[in-house]
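Here's the structure we're looking at; comments come further down.
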Amino acid sequence: MARGNFPSAQQDQYMLRLPDGLRGRIKEEAQLNHRSMNAEIVFHLERAMFDPLEMKKGEAA
């Protein structure tokens, strides 16, 4: 399958299995935020991994 000469064709790709219902939730959130599903997933991953306030939420008290 040809991927074309788009910049996204040069980016890393990763196949991901999602639990039942999660794809629909991501799709809804993406539409509400006027983003693609990919952009929505990347936004949440970056926030969870690199936002200091989000990182503190995951630490044990």
Under the side chain to side chain contact (heavy atoms under 4.5 Å, CB included) rule, collect the residues that match up with Glu28, sequence neighbours excluded.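 Per chain and number, Glu28 pairs via side chain to side chain contact (heavy atoms under 4.5 Å, CB included) with no residue.
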
Qualifying residues under side chain to side chain contact (heavy atoms under 4.5 Å, CB included), relative to Ile41, sequence neighbours excluded: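 If we apply the side chain to side chain contact (heavy atoms under 4.5 Å, CB included) test to Ile41, skipping adjacent residues, the hits are Ile26, Leu45.
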
For residues 14-24, which residue pairs qualify under salt bridge (charged side-chain N to carboxylate O under 4.0 Å, His left out), counting only residues two or more places apart or in two chains? none

State, to 0.1 Å, how close Ala30 and Ser36 come at their nearest heavy-atom pair, and which atoms those are. CB-O, 3.7 Å

Glu29 side, atom CD; Gln31 side, atom CD - distance, nearest 0.5 Å: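 CD of Gln31 is found 10.0 Å from CD of Glu29.
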
Can you tell me how far apart CD (Gln13) and CG (Asn38) are? Round to the nearest 0.5 Å.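 Answer rounded to 0.5 Å: 9.0 Å.
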
Assigning hydrophobic clusters by single linkage (Ile, Leu, Val, Met, Phe, Trp, Tyr; side-chain heavy-atom cutoff under 4.5 Å), is Leu16 placed with Leu22? yes

Is there a chain of hydrophobic side chains (I, L, V, M, F, W, Y, each step under 4.5 Å between heavy atoms) that links Met37 to Leu18?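 Same hydrophobic cluster.
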
Which residues pass the side-chain hydrogen bond (donor to acceptor under 3.5 Å, both in side chains) test with Arg35, sequence neighbours left out? Glu40

If you group Ile, Leu, Val, Met, Phe, Trp and Tyr whenever their side-chain heavy atoms sit less than 4.5 Å apart, what else falls in with Leu32? none

